[in-house]
Asker: 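Input: one structure, supplied below.
On a predicted model such as this, the values are computed, not experimentally measured, just so you know. Throughout, a chain's letter reflects where its sequence line sits, starting with A, and its residues are numbered from 1. These values consider heavy atoms only, across backbone and side chains, with no hydrogens, waters or symmetry-generated copies.
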Amino acid sequence: MLKFFINPNKFNNLADVITKPLFYLSIFALIIGLVFSLYLSPDDYQQGSTVRIMYIHVPSAYLALLTYFIMVIYSILSLAFRIPFGFIVNSAVAPIGAVFTLICIVSGSLWGKPMWGTWWVWDARLTSVAILFIMYLIIIFLNFSFENNIVRDKIVAVFIILGSINLPIIKFSVDWWNTLHQPASISKLSSPSIDSSMLIPLLIMMFAFTLIGLFIAIIRIKTEIMLRKNKA
Amino acid sequence: MINFFSKIIIYFYREYKTSMIGLNDLFVNLVFFFLSIFIFIFSIGSDKEILEITGIGIIWSLLLLSSTLSLKKYYDSDFNSGNLIMMHMNGFSYELIALIKVVSNFIFVQIPFLISIPIACLFVNIVFQKIILMLISFIIGSLILSCLGSISASMNLLNKKNYSLGSIIVMVLSIPVIIFSVGIINNEESFLSLIKILFGILFIFIAITPWFSAICIRLAIQNN
């Protein structure tokens, strides 16, 4: 039943069906989320209106990590069980993750200038996210640099697994070190330390960003499958 | 069994011979190291107090950069001349070959830097106690750097388009090494805890490097 996760043909069939609904749904969710986050949500009592950067910053950070995590899972699957679809996903999805990481870094530094008084500080969370961005860039460059496709795919997969050391460091950096970046406030689902008037727009925006990422990923994976079929 | 060890010794002897032939390459690396220290000093200024603070960081980062210079000849010449396959046919697994390569890289490439560190420390005005700490941290750190070099050089065996990617990979992976080994020198009170972390990183890389390099060498040989 879940064959479309590992089989290119099944994936293509599914993608043909869900691409258009997904597009409209993501646009709809994005509009709803923007309305909620720009008009309906309250200002912060300290930060004023700058808090609205959060509705871009947090979803893109979450998607940057999620994309890398998906790539790690697909690399392990494809190396261990010889599923070539994982390689396709790896090379298709890496630029998406890079873009989300870049959005996260840029919006974070735009937020940091009025709040912390500086564009950039060298603390653990920011540095590890910057390293994640460099990892994404290396993966993209690796995808360009080999002539032999089999070698390229496997080496990219192995490098992704090697770079996955960075993921827990990013996640727990705010707990392990004293950083300027605030600790996690919505992942504690039992008692989130954020008010529901801000939590709801944030969750809508996260949903919308996920849908957009999924939409672009599906299109890129389809293109990648076509390219590889043409080459073969 | 004796036969096996004599093979390993012969292999080391061969590595020694090839590194003696390429001795001028090693001197170029050392010259690069010293010259870039001079350039740093010219650009920062020769103020003694500033150099005392920044010197350790400068020397460590330049050590890293100059060890990436010799990445090209890590596996490439052996791979192109077919020696890797010959050794594999002689009963060496690729994992063992990678391990031997790491050790021989440590001996023939990193040890000369170990000798030249005290001289470099004199230029940037570092006190004697810190030089000893620097040497200790470099012995562990350079083993890790050899492992990283093995990883990136084996990854780049069939990469004919942009070879400088290899040094970028080494630099990304060496960030924890730099952090902790400079931390050892600057915080002497937490020497023990930091050196334990450094040893931990070393053991992780010694464990994964042979496996990783063997995968990449095998792929390269199959698909060349």
Side-chain angles (χ1 to χ4, degrees), chain A residues 68 72 75-76 78-80 82 84 87 90-91 94 98 101 122-170 172-173 176-177 179 231, chain B residues 57 68 75 79 94-95 98 144 147-180 182-183 190 193 197 200-201 203-205 207-224:
Chain A
Y68 202 94
V72 172
S75 317
I76 294 172
S78 50
L79 281 182
R82 293 168 191 274
F87 299 135
N90 280 344
S91 53
T101 318
W122 286 103
D123 75 13
R125 178 55 78 82
L126 279 74
T127 313
S128 50
V129 172
I131 291 170
L132 179 74
F133 183 59
I134 296 173
M135 290 277 188
Y136 273 124
L137 289 187
I138 290 179
I139 292 166
I140 295 169
F141 288 140
L142 276 177
N143 268 322
F144 283 131
S145 42
F146 288 91
E147 280 161 3
N148 191 321
N149 281 337
I150 304 166
V151 180
R152 179 191 72 182
D153 288 341
K154 288 193 176 170
I155 281 180
V156 167
V158 175
F159 182 78
I160 289 170
I161 295 174
L162 195 69
S164 67
I165 309 166
N166 200 15
L167 287 187
I169 296 180
I170 295 176
F172 296 110
S173 57
W176 290 345
W177 291 284
T179 65
K231 259 185 200 170
Chain B
T68 59
Y75 285 113
F79 179 75
Y94 290 122
E95 284 85 358
I144 305 174
C147 291
L148 296 181
S150 165
I151 288 176
S152 89
S154 59
M155 271 173 86
N156 273 318
L157 271 181
L158 286 186
N159 177 359
K160 295 187 176 67
K161 282 182 186 166
N162 42 0
Y163 208 89
S164 50
L165 204 57
S167 33
I168 293 180
I169 291 169
V170 169
M171 278 154 73
V172 164
L173 294 177
S174 69
I175 289 168
V177 185
I178 284 275
I179 290 173
F180 289 115
V182 175
S190 54
S193 58
I197 295 177
I201 299 173
F203 290 140
I204 289 174
F205 275 111
I208 67 171
T209 301
W211 167 75
F212 194 96
S213 299
I215 290 178
C216 297
I217 294 171
R218 208 171 281 139
L219 267 175
I221 286 178
Q222 277 168 9
N223 293 291
N224 194 12

Asker: Indicate yes or no: at least one non-hydrogen side-chain atom of A:Lys154 is less than 4.5 angstrom from one of A:Phe87.
Answerer: yes
Asker: When heavy-atom pairs shorter than 4.5 Å are enumerated against chain B, which of A:Thr127, A:Ile138, A:Ile134 gives the highest number?
Answerer: A:Ile138
Asker: In the structure I gave you, are the side-chain heavy atoms of B:Phe79 and B:Ser154 within less than 4.5 Å of one another anywhere?
Answerer: no
Asker: Could you check whether any side-chain N or O of B:Ser213 sits under 3.5 Å from a backbone N or O of B:Pro210, counting only pairs where one atom can act as donor and the other as acceptor?
Answerer: no
Asker: Is it the backbone or the side chain of B:Leu165 that comes under 4.5 Å from a heavy atom of chain A, or both, or neither?
Answerer: side chain
Asker: Let me know if B:Leu157 has heavy atoms under 4.5 Å from chain A in its side chain, its backbone, both or neither.
Answerer: neither
Asker: Can you say whether A:Leu137 sits under 4.5 Å from chain B via the side chain, the backbone, both, or neither, judging by heavy atoms?
Answerer: neither
Asker: Measure the shortest side-chain to side-chain distance between A:Ser164 and A:Tyr68 over non-hydrogen atoms and say whether it is less than 4.5 angstrom.
Answerer: yes
